[in-house]
Peer 1: 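Quick one: the structure is below, questions incoming.
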Number of protein chains: 2
Amino acid sequence: MSAAAAAPIRTAKGERTAERILDTAEALFAERGYAGTTLRDVASAAGLRIPSLYNHFAGKDALYAAVLERGIAPVIDALVAPDASDADTVQRILGQLNRRPNLPRLVQQEVLRGGEHLSPVLVQWFKPALTQAEETLRARPGSRRWSDEQIPLLVLALYQVVVGYFAIAPLMKALNGEDLLESEALARQTRFFADLVAALLPEE
Amino acid sequence: MSAAAAAPIRTAKGERTAERILDTAEALFAERGYAGTTLRDVASAAGLRIPSLYNHFAGKDALYAAVLERGIAPVIDALVAPDASDADTVQRILGQLNRRPNLPRLVQQEVLRGGEHLSPVLVQWFKPALTQAEETLRARPGSRRWSDEQIPLLVLALYQVVVGYFAIAPLMKALNGEDLLESEALARQTRFFADLVAALLPEE
DNA sequence: GAAGGAAACTAGCGCTCGTTCGTTTTCAAG
DNA sequence: CTTGAAAACGAACGAGCGCTAGTTTCCTTC
């Protein structure tokens, strides 16, 4: 997409408000889920009235799909980048999640819903990502520590550690006052994750 | 509570239907969240009409609180059992989650909501549980592998692995057809978790 | 078996949801 | 400055929500 041949240089006003709507909707959907988020809340947080939303999105479903699409697409791009090393890929994904801290919560909301009413974009993304992660892990020399049937469980565990950290951040802030999304805390978690992988899959 | 001095021996009809309502509500709340679950759905799944629910619970909020209370209480009991060894505690908690596979999804729904509208029973439970887990980990000799500031992150990571496995089970079933909650798969995950802890915190 | 209370039901209330119609305002191009 | 389309708006619709009053049915205990 993005066929911007001889396109207008300055982004139009409509595009900017659409982006603002997506930002506020992303935060609200991530915190309250699809059913718990009302279009009145989205409009109010975006500084608009409800009918104005319909100038940019066909309805609640379309808005939700657009939020998911905009958030997930860069992660897919980072995952399928052909020339990247494993460490680069992990670093790039962590960077993306850092830039959009609401995305993991959004994905977790979808995961919890399980089979029913699942967004197609997520289904198409999730399975190949797990498969690729499995292959990457098997290629590491340290994977011999684990049996064949344990590798998928290891992938799942690492996924949970990465995504779960962002998902639980708001709760920890409410409980401890500690902000896990601060740059220092994020750097600490990145270091910890590297140590974790090193402990589970030693290079030698 | 439960002042059952000279109480009726056989459980009354009302108690049995209350239990049935709790079961169906637990499943629906876990899958669709609080806002996404309607009392009409709960009543229909329980084989009742809506007004009958109010003979057992004061309203939607009270029903949700009762579901959470019934599910979390045994886990708390397992956590604060005074004479249990660490391995016993882990085993008992995994057994509880096995018996109530919907509970982790329910807790995750609460976690995702973060600070706002958080159930008090969860807040009171979560913080001491994390603190105790931290102490337990520090007592293990293998914890010297990790720095002081990494221990809380390790606790969080292990929590995510345990709870996340149950939370993602419905999605995996929808994607692969593989049922992670089967007894064989659960035994595999239990073994894997033990290996994981052993790799992260070696005994020697 | 009679009686009384618990439990399930029918009908419907007030309210908020997502959505739409018709109008007014804003903005960028000629 | 004019102009026409894009964008924001006020008002309101039908549907579905949680919840309740009043009535009927069921079960338990003498």
Side-chain angles (χ1 to χ4, degrees), chain A residues 4-29 31-68 109 113 116-117 119, chain B residues 2-29 31-68 109 113 116-117 119:
Chain A
I9 301 170
R10 295 261 296 127
T11 54
K13 172 194 177 190
E15 262 179 77
R16 274 183 287 118
T17 61
E19 205 77 10
R20 200 184 33 187
I21 294 172
L22 284 175
D23 286 340
T24 66
E26 182 182 279
L28 290 175
F29 280 138
E31 178 181 329
R32 312 179 187 179
Y34 179 83
T37 303
T38 73
L39 290 185
R40 283 164 175 80
D41 290 341
V42 174
S44 173
L48 292 173
R49 307 305 160 117
I50 307 169
S52 303
L53 300 179
Y54 287 83
N55 285 329
H56 305 275
F57 304 97
K60 192 182 183 183
D61 281 343
L63 174 59
Y64 185 72
V67 167
L68 231 58
Q109 298 267 13
R113 221 177 313 191
E116 293 300 317
H117 192 268
S119 170
Chain B
S2 76
I9 301 171
R10 296 257 298 127
T11 54
K13 174 192 177 191
E15 262 179 75
R16 275 183 287 120
T17 59
E19 205 76 11
R20 191 167 30 120
I21 293 173
L22 284 175
D23 287 340
T24 65
E26 182 182 281
L28 290 176
F29 281 137
E31 179 181 329
R32 311 179 187 179
Y34 179 83
T37 303
T38 72
L39 290 185
R40 282 165 175 80
D41 290 340
V42 174
S44 173
L48 293 172
R49 307 304 159 109
I50 307 169
S52 303
L53 300 180
Y54 287 84
N55 287 329
H56 305 276
F57 303 96
K60 192 183 182 184
D61 282 343
L63 174 60
Y64 184 72
V67 167
L68 231 57
Q109 300 265 14
R113 220 176 313 190
E116 293 300 318
H117 192 270
S119 170

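In this text, all values refer to a predicted model and were calculated from it rather than measured experimentally. Naming convention: chains lettered A, B, ... in sequence-line order (proteins, then strands); numbering from 1 in each chain.
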Peer 1: Report the distance from atom CD of A:E15 to atom CD of A:E19, rounding to the nearest 0.5 Å.
Peer 2: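 If we round to the nearest 0.5 Å, A:E15:CD and A:E19:CD are 8.0 Å apart.
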Peer 1: Minimum heavy-atom separation for A:A35 and B:G36, please, with both atom names.
Peer 2: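 Where A:A35 meets B:G36 most closely, the heavy atoms are CB-CA, 3.5 Å.
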Peer 1: Measure the angle between the two terminal helix axes of the helix from C:dG1-D:dC30 to C:dG30-D:dC1, five base pairs each, and quote it to 10°.
Peer 2: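 The two end axes of the helix from C:dG1-D:dC30 to C:dG30-D:dC1 meet at 30°.
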Peer 1: How does protein reach along nucleotides 7-21 of chain D, written 5' to 3' as B (base within reach of a heavy atom under 4.0 Å), S (only sugar-phosphate), or - (no contact)?
Peer 2: BBBBB-----BBBB-
Peer 1: Distance from B:L39 atom CG to B:L63 atom CG, nearest 0.5 Å?
Peer 2: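 It comes to 7.0 Å.
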Peer 1: How far does CG of A:L28 sit from CG of A:D23, to the nearest 0.5 angstrom?
Peer 2: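 One finds 11.0 Å between CG of A:L28 and CG of A:D23.
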Peer 1: Please find the pair of heavy atoms, one from B:V42 and one from B:I21, that lie closest to each other, and give the distance.
Peer 2: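 Minimum heavy-atom separation between B:V42 and B:I21: CG1-CG2, 4.3 Å.
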Peer 1: For nucleotides 2-5 of chain C, which of its nitrogen or oxygen atoms have a protein nitrogen or oxygen under 3.5 Å away, and what is each distance?
Peer 2:
none

Peer 1: For A:A43 versus A:L53, what's the shortest heavy-atom pair and its separation?
Peer 2: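 The pair with the smallest heavy-atom distance is CB-CD1, 4.0 Å.
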Peer 1: Within a strict 4.5 Å, meaning less than it, do heavy atoms of the A:F57 and A:L22 side chains meet?
Peer 2: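 The answer is yes; the side chains approach within 4.5 Å.
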Peer 1: Would a distance-only check, ignoring hydrogens and angles, find a side-chain to backbone donor-acceptor pair under 3.5 Å from B:R32 to B:T37?
Peer 2: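 No, B:R32 side chain to B:T37 backbone: no donor-acceptor pair under 3.5 Å.
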Peer 1: Is the ring pair A:Y34/A:F29 parallel, tilted or perpendicular, if the boundaries are 30 and 60 degrees?
Peer 2: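 The rings of A:Y34 and A:F29 lie parallel, inter-plane angle below 30°.
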